[in-house]
Amino acid sequence: MPFLSRIRINPLRAESRKLLASPRAMHAAVQGGLPGTPDEERTLWRLDDDNSHRPHLFVLTASRPDWTHLVEAAGWPEADGEHYSVRDYKPLLDQLAPGREFAFRLTANPVQNTNRPTKPTPRQAERLAAGERRGFRLGHRTATAQLTWFLTRTPRWGFEIPQAFAMEDTHHPDGEQPRDVRIVARDRRTFRKEASSKEARVVMQAVTFEGRLRVTDRHVFTEKLLGGIGPSKAYGCGLLTLAPLATRT
């Protein structure tokens, strides 16, 4: 049975700063809240830091977690209020049906595969010189390319992005309303894959999308909600969360 958790993070504490700066360290802390090993249970997580003074960590797990260690190390263990919440995810999954619409938020790592990078890194240049034929996975760098990556893949993820609600007196020369999605954050993350490694460096583009979606295939969409979207899931990408749509007046 899946569970969705939200944990409050205190950004002023030393342990918090380490976690906020390193997706690798945050991944390890998330896995520490589960009784099983990483091989037994994979998780999805996302850090929402719209308010830099009170960032929130969202985690989707297959079993019920315990986040006491995170609160004690990186939260407000003695403060009032709810330090973390754990919610059964099944009631939301039961609401999914073709045609149903939700507000959504997703942080993903938009990438493309190519056999010939335009500006290869030194390591990529070595591989090319050695005649390696395996393709390279490169991150999309512009907002336009990142948004295109997202919109062209939604059909295979079991949902679509409806057209944005028309605004009064708004004229679109091409007759096409824009889709109801926007990029709200773009973050280039660079860190070492292993704490002791001097070579294995990870570079990724974490892009946060928000908007409105419409379910087209309940089975496929459920798989993506639980399994994640795109690469770099261990490093804070792939978790798509839903919320009821605000009532329009």
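Keep in mind that this is a model prediction, so the values were computed, not measured. What's counted below: heavy atoms across the whole structure, side chains too, no hydrogens, waters or symmetry copies. In what follows, residues are counted from 1 in the order of the sequence shown.
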Are there more than 12 heavy atoms of other residues, nucleotides or ligands under 6.0 Å from atom CZ of Arg188?
no
Heavy-atom closest pair (Val207 atom, Pro110 atom, distance to 0.1 Å) is CG2-CD, 3.8 Å
Decide yes or no for Arg42 and Lys233: does some side-chain heavy atom of the first lie under 4.5 Å from some side-chain heavy atom of the second?
no
Heavy-atom side-chain contact between Ser52 and Pro11 under 4.5 Å:
no
In this structure, CZ of Arg6 is separated from CG of Leu57 (nearest 0.5 Å) by 11.5 Å
List the steps, then state whether side chain to side chain contact (heavy atoms under 4.5 Å, CB included) holds for Val30 with Trp67.
CA-CA 8 Å; Val30 166; Trp67 304 118; 4.1 Å; yes
Output for pair (Glu160 CD, Arg214 CZ), nearest 0.5 Å, gives 5.0 Å
How far does CG of Leu245 sit from CZ of Arg212, to the nearest 0.5 angstrom?
7.0 Å
Would you say the side chain of Pro155 lies within less than 4.5 Å of the side chain of Thr216, judging by non-hydrogen atoms?
no
Where does the angle between the aromatic ring planes of His27 and Tyr235 fall among parallel (under 30°), tilted (30 to 60°) and perpendicular (over 60°)?
perpendicular
Of all heavy-atom pairs between Ala21 and Pro23, which one has the smallest distance, and what is that distance?
O-CD, 3.9 Å
Let's go through Asp187 and Arg189 carefully: what are the C-alpha distance in whole Å and the side-chain angles of both, what is the deciding distance for salt bridge (Lys or Arg N to Asp or Glu O under 4.0 Å) to 0.1 Å, and is it a yes or a no?
CA-CA 6 Å; Asp187 182 21; Arg189 300 175 182 174; 3.1 Å; yes
Is there a continuous path of hydrophobic side-chain contacts, each under 4.5 Å between heavy atoms, that joins Leu106 to Trp45?
no
Do Thr154 and Leu213 have side chains that approach each other closer than 4.5 Å (heavy atoms only, starting at C-beta)?
no
Connected via hydrophobic side-chain network under 4.5 Å: Leu239 and Ile161:
yes
Specify the closest pair of heavy atoms between Leu44 and Cys237, including all atoms of both residues, with the distance to one decimal.
CD2-O, 4.4 Å
Using side chain to side chain contact (heavy atoms under 4.5 Å, CB included), reason through Arg54 and Arg8 one step at a time and then give a plain yes or no.
CA-CA 7 Å; Arg54 296 219 170 178; Arg8 294 194 301 166; 3.4 Å; yes
Should Leu93 and Phe58 be counted in the same cluster of Ile, Leu, Val, Met, Phe, Trp and Tyr side chains packed under 4.5 Å apart?
yes
Among the clusters formed by ILVMFWY side chains lying less than 4.5 Å apart, do Leu4 and Met26 turn up in the same one?
no
Determine yes or no for a side-chain-to-main-chain donor-acceptor pair under 3.5 angstrom, with Thr152 supplying the side chain and Trp149 the backbone.
yes
Check step by step if side chain to side chain contact (heavy atoms under 4.5 Å, CB included) holds for Thr208 and Arg46.
CA-CA 10 Å; Thr208 301; Arg46 185 183 75 225; 5.5 Å; no
Donor-acceptor contact below 3.5 Å, side chain Arg13 vs main chain Glu72:
yes
Nearest 0.5 angstrom please: Glu210 CD to Ile183 CD1, how far?
11.5 Å
Dump the intermediate steps for side chain to side chain contact (heavy atoms under 4.5 Å, CB included) on Leu151 and Phe209, then the final yes or no.
CA-CA 11 Å; Leu151 288 173; Phe209 303 90; over 6 Å; no
Keeping the roles fixed (side chain from Ser85, backbone from Ser5), state whether a donor-acceptor pair exists under 3.5 Å.
no
To the closest 0.5 Å, what do you measure between OG1 (Thr107) and CD1 (Ile229)?
11.0 Å
To check you understand the geometry: which heavy-atom pair defines the closest contact between Arg64 and Pro35, and what is its length?
O-CD, 4.5 Å
Under 3.5 Å: donor-acceptor pair, side chain of Ser16, backbone of Leu12:
no
Contact summary for Trp157 and Lys224, nearest pair of heavy atoms:
CD1-CE, 3.6 Å
Could you measure the distance from the OH atom of Tyr84 to the CG atom of Leu70? Nearest 0.5 Å is fine.
10.0 Å
Under a 4.5 Å side-chain heavy-atom rule over Ile, Leu, Val, Met, Phe, Trp and Tyr, are Val215 and Leu60 clustered together?
yes
Do you know the tightest heavy-atom contact between Arg100 and Phe102?
CG-CE1, 3.3 Å
His69 side chain vs Ala29 backbone, donor-acceptor pair below 3.5 Å
yes
